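Okay, here's the structure, questions in a sec.
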Protein chains: 2
Amino acid sequence: MSRSPVPTLQDLALHLGVHKSTVSRAMDAERRHLVAAELLQRIEAAARELGYRPNHAASALSRGRSKTVGVLLPDITNPVFPPILRGIEDALDEEGYFALLANTSRPDNSVDAAQVAVERMQAQRVEGFLVATATRDDAWLDSLRQSGARIVLINRTDGRGHLPAVISDDMLGMRLAVDHLVGLGHKKIAHLAGPETLSTGLARRLGFEQAMREHGLGAKAIACADAYSVESGEIAMHALLSKRSKTQFTAVVAANDLLALGGLQALKLAGLSVPSDVSVVGHNDMQLLDQVNPPLSSVRIQHYEMGFRAARLLIDALRERPGSQEATVVLRPQLVLRASTTVPISSPT
Amino acid sequence: MSRSPVPTLQDLALHLGVHKSTVSRAMDAERRHLVAAELLQRIEAAARELGYRPNHAASALSRGRSKTVGVLLPDITNPVFPPILRGIEDALDEEGYFALLANTSRPDNSVDAAQVAVERMQAQRVEGFLVATATRDDAWLDSLRQSGARIVLINRTDGRGHLPAVISDDMLGMRLAVDHLVGLGHKKIAHLAGPETLSTGLARRLGFEQAMREHGLGAKAIACADAYSVESGEIAMHALLSKRSKTQFTAVVAANDLLALGGLQALKLAGLSVPSDVSVVGHNDMQLLDQVNPPLSSVRIQHYEMGFRAARLLIDALRERPGSQEATVVLRPQLVLRASTTVPISSPT
DNA sequence: TTGTAGGCGTTATCAA
DNA sequence: TTGATAACGCCTACAA
């Protein structure tokens, strides 16, 4: 039968007694119309029969497009990223692209993990990058940009706004949370802030402060967690509680659900109950938040949509569709109310 | 300077006044020693200077190896898969491989999503497949196998054991749960089973039944959920409760944490408290299980390890390292005790 | 130790 | 509408 395990265009051509470039044309939707209808039929039949599979590497080499993009994220194990990735892949899939994924946060040499990943991706000739690594130290990102790579950021912007990005309106998210609590009657509201090295940590803290200002309230009670984790949230909440006699807060807005969860534990330990003593609002609305006790109110972010839109933006840019080039898309978050917020107690214990 | 945006071996060779095959050799760790030390230095310097990046498509075409494997899973959004994927990628990374990912469960044409994905991957000339789609209807898998593709299954085996796989010992997992409950004094134990169409659903149910048999206990109270979801768990638990006057169970083992969570809700609704009225054990030990109320005991599965080992197995097979060829690796689960189990009440209400 | 020649499978550009 | 030819960038003989 066929000499190689998987037949090539040449094999097909030989089999049919036509030239391989004719077969090549028949395989390409864009140029198929140049082939006689009857021949086209025969070619397609033969392709099916012999089990022809296009060789992507050859095509990539020949036309210089790999139909592949690099995706950089810290750790797919972090629950915010799966929906983002799913969105990315669904969008890529529609256009016949594949994602090459790299988890850049590694236990060992976390420093240049991103660098190394980028280089491997460049060897694969990815056509662009989707960067969701959310950290604000972007030395490698800068050099990547300067090398002329196409980049779309996800869930954060670069300092100077040079790069297109798809982000959530973090300021608005915090405003929604604060507005809700103020609407319930809270005046002393604390903030469990995320690390300032992360753009979300910073933006949400600023959003909190601004929202409080808009209501004419002070934003004194702020504790910064040094990571988005339950443990850090618990520690930060302890810090907040130690000053509570001064600040007298009756509600807490956390920069992240994990922090809120940690905060919940610290509150319980301190003998305070949620929401009757202290109301709590999280951020991200990650899965299973409705299963904790009490079910946690949270600011929901459109993770899937972020990924999807970012991938579309990148692909459009690769096609040089004008107008989508330098865009930054800002998605609206939404407050999801559950059982962790209520009217404030008359006076804090 | 260089004529193309990214220089090729040829460009480097010209720049240095040597032949491109010499440069090629210098770039390959395996053949670097064939190049004069001093020349090697110059080549490396020039490569850095001109910003040379190997073109993967070209080398893939030339040597017929894409350094790429396909990963099929239902949905990265399902919390069991991120650690598996992370394990896969860490293992692939070590060997310079990339994963091409496909989420095969799609809202629309879920039937042949896997087929389509496989074909796209074959066009990319993936060297093998890691299949974690856990469903037991494997028509496409069969044909894939027969086409001679290298495959390693994750978290399930095929019916006839034709394919190497990395799985968790589901029977043992259930035994751990049952042993624990029996040790506490429970005799009437119910099972919240998963869908029988999934290998894990079936295996865990069988494991449950066998474990009960070993203790001389009957396994009558079993309700099958039709999906691994909180809602299905709640429904199945309602079914169990409706017969409770007959079965009088004092403990429940769930095939999955989500089912257990749904079960928890149904129990609460029925006015039963966990663990004082009914003990509950989940399965998978997914994240945040320690945050629910009460913190759920669960059978922990080595997800990351499953992914890592499976990827290694595949790579080894690709290298035809003997002995690793047809292996099936069975990993041991572990019971993680939290607050959802205790001694049975003297007589069920 | 280095150079030469040919090919991997596809696409692009002409020419017929 | 089809065929011929030459890339694409790298690798692998083999020759020097």
Side-chain angles (χ1 to χ4, degrees), chain A residues 2-43 46-47 50-68 96 122-127, chain B residues 2-43 46-47 50-68 96 122-127:
Chain A
S2 65
R3 36 166 251 273
S4 69
V6 30
T8 70
L9 283 183
Q10 179 69 283
D11 295 332
L12 270 190
L14 246 50
H15 181 86
L16 289 161
V18 298
H19 195 268
K20 60 176 179 176
S21 45
T22 304
V23 184
S24 170
R25 275 188 283 264
M27 292 301 166
D28 182 2
E30 313 269 297
R31 297 175 302 153
R32 216 198 300 295
H33 65 265
L34 295 172
V35 175
E38 189 259 358
L39 215 205
L40 188 54
Q41 300 272 321
R42 286 178 50 220
I43 293 179
L50 301 192
Y52 171 74
R53 301 261 164 262
N55 184 323
H56 176 85
S59 144
L61 177 60
S62 181
R63 48 166 147 227
R65 333 189 74 237
S66 64
K67 284 272 194 173
T68 261
Q122 283 177 324
Q124 299 268 0
R125 291 296 186 273
V126 294
E127 297 179 28
Chain B
S2 66
R3 38 165 250 273
S4 69
V6 31
T8 68
L9 283 184
Q10 180 69 281
D11 295 331
L12 271 191
L14 246 50
H15 182 85
L16 289 161
V18 297
H19 195 268
K20 59 177 178 175
S21 52
T22 304
V23 184
S24 171
R25 277 187 281 263
M27 292 302 164
D28 183 0
E30 314 269 299
R31 296 173 303 151
R32 213 196 302 296
H33 61 96
L34 295 173
V35 176
E38 188 260 359
L39 215 203
L40 189 53
Q41 300 273 319
R42 286 177 50 218
I43 294 180
L50 301 192
Y52 172 75
R53 301 261 164 261
N55 184 323
H56 176 85
S59 94
L61 178 59
S62 179
R63 44 165 48 135
R65 332 190 77 235
S66 64
K67 285 275 197 170
T68 259
Q122 284 177 323
Q124 300 266 0
R125 292 294 187 276
V126 294
E127 297 179 27

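Lettering follows sequence order; numbering is per chain, from 1. Quick caveat, the model's predicted, so the values are computed rather than measured.
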### Message
In whole Å, I'd like the distance from the NZ atom of A/K67 to the C1' atom of C/dT10.
### Response
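Result: 15 Å.
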#### Entry: For atom CZ of B/R63 and atom C1' of D/dA13, their distance in whole Å
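Nearest whole value for this atom pair: 15 Å.
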### Query
Can you list the residues that meet the side-chain hydrogen bond (donor to acceptor under 3.5 Å, both in side chains) rule with A/R53, with sequence neighbours excluded?
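So A/R53 forms a side-chain hydrogen bond (donor to acceptor under 3.5 Å, both in side chains) with B/Q122.
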### Query
What is the distance, rounded to the nearest whole Å, between atom CZ of A/R65 and atom C1' of C/dA12?
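Going from CZ in A/R65 over to C1' in C/dA12 covers 15 Å.
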### Query
Given atom CG of B/D11 and atom P of D/dG9, what is their separation to the nearest angstrom?
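The distance from CG of B/D11 to P of D/dG9 comes to 8 Å, rounded to the nearest Å.
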### Message
Side chains of B/T22 and B/I43, heavy atoms from C-beta outward: is any pair under 4.5 Å?
### Response
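Answer yes - side chains close enough.
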### Task
Whole angstrom is fine here: how far is it from CG in B/L12 over to P in C/dG3?
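After rounding, the gap between these two atoms is 14 Å.
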### Query
Which part of the nucleic acid, if any, lies within reach of B/L9 when heavy atoms closer than 4.0 Å are counted: base, sugar-phosphate only, or nothing?
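Contact class for B/L9: sugar-phosphate only.
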#### Entry: Rounded distance (Å) that lies between atom C1' of C/dA12 and atom CZ of A/R31
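The answer, rounded to whole Å, is 8 Å.
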### Task
Figure out the NE2/C1' separation between A/H56 and C/dT10, and round it to whole Å.
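Taking NE2 of A/H56 and C1' of C/dT10, I get 11 Å after rounding.
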### Message
To the nearest 0.5 Å, what is the distance between OG on A/S24 and CD on A/Q10?
### Response
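Interatomic distance, A/S24 OG to A/Q10 CD, rounded to 0.5 Å: 11.5 Å.
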Side-chain donor/acceptor pairs under 3.5 Å, residues 32-42 of chain A, sequence neighbours excluded:
residue: A/R32; atom: NH1; partner: A/A26; partner atom: O; Å: 2.5
residue: A/H33; atom: ND1; partner: A/E30; partner atom: O; Å: 3.4
residue: A/R42; atom: NH2; partner: A/L16; partner atom: O; Å: 3.3

### Task
For A/S59, answer base if it contacts any base atom (sugar-phosphate contacts may also be present), sugar-phosphate if it contacts only those atoms, and nothing otherwise; contact means non-hydrogen atoms under 4.0 Å.
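Sugar-phosphate: the residue A/S59, judged by heavy atoms under 4.0 Å, touches backbone atoms but no base.
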#### Entry: Any pair counted as salt bridge (charged side-chain N to carboxylate O under 4.0 Å, His left out), so long as it reaches residues 57-66 of chain A, sequence neighbours left out
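The answer is A/R65-A/E127.
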### Query
How sharply is the helix from C/dT1-D/dA16 to C/dA16-D/dT1 bent, taking the axes over five pairs at either end and rounding to 10 degrees?
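For the helix from C/dT1-D/dA16 to C/dA16-D/dT1, the axes at opposite ends meet at about 40°.
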### Task
Please list, chain by chain and in numerical order, all residues satisfying side-chain contact (heavy atoms from CB on, under 4.5 Å) with A/S21, sequence neighbours excluded.
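For A/S21, the residues satisfying side-chain contact (heavy atoms from CB on, under 4.5 Å) (neighbours in sequence not counted) are A/H19, A/R25.
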### Message
Between B/R125 and A/P54 (side chain of the first, backbone of the second, donor and acceptor by atom type, cut-off under 3.5 Å), is there such a pair?
### Response
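Answer holds: yes.
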### Message
Check the phosphate of D/dC10 against B/S24, side-chain N and O only, distance under 4.0 Å to OP1 or OP2. Yes or no?
### Response
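False: B/S24 side-chain N/O out of range (4.0 Å or more) of D/dC10 OP1/OP2.
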### Task
Working to the nearest 0.5 Å, report the span between CG of B/L61 and NE2 of A/H56.
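Answer rounded to 0.5 Å: 11.0 Å.
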### Message
Going by the rule side-chain contact (heavy atoms from CB on, under 4.5 Å), which residues pair with B/A47 if we only count those two or more places apart in sequence or in a different chain?
### Response
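B/A47: side-chain contact (heavy atoms from CB on, under 4.5 Å) contacts with B/L12, B/M27, B/Y52.
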### Given DNA chain D, 5'-ward residue of the pair B/D28 and B/L61, judged by closest heavy atom
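Closer to the 5' end of DNA chain D: B/L61.
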### Contacting residues from residues 33-43 of chain A, given that a heavy atom lies under 4.0 angstrom of DNA chain D
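By residue number: A/L34, A/V35, A/A36, A/L39.
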What does the list of N/O pairs under 3.5 Å between the protein and nucleotides 4-7 of chain D look like, with a distance for each?
residue: D/dA4; atom: N6; partner: A/S21; partner atom: OG; Å: 3.3

### Query
Between C/dC8 atom C1' and A/N55 atom CG, what is the distance in whole Å?
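For the pair A/N55 CG and C/dC8 C1', the rounded distance is 8 Å.
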### Task
Please name the pair of heavy atoms, one in A/A57 and one in B/A60, separated by the smallest distance, quoted to 0.1 Å.
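Shortest heavy-atom contact: CB-CB, 4.0 Å.
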#### Entry: Residues in side-chain contact (heavy atoms from CB on, under 4.5 Å) contact with A/S62, at least two apart in sequence or another chain
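Expected list: none.
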#### Entry: Test side chain to side chain contact (heavy atoms under 4.5 Å, CB included) applied to B/V23 and B/L14, B/L9, B/D11, the passing residue
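Answer to the side chain to side chain contact (heavy atoms under 4.5 Å, CB included) test with B/V23 among B/L14, B/L9, B/D11: B/L9.
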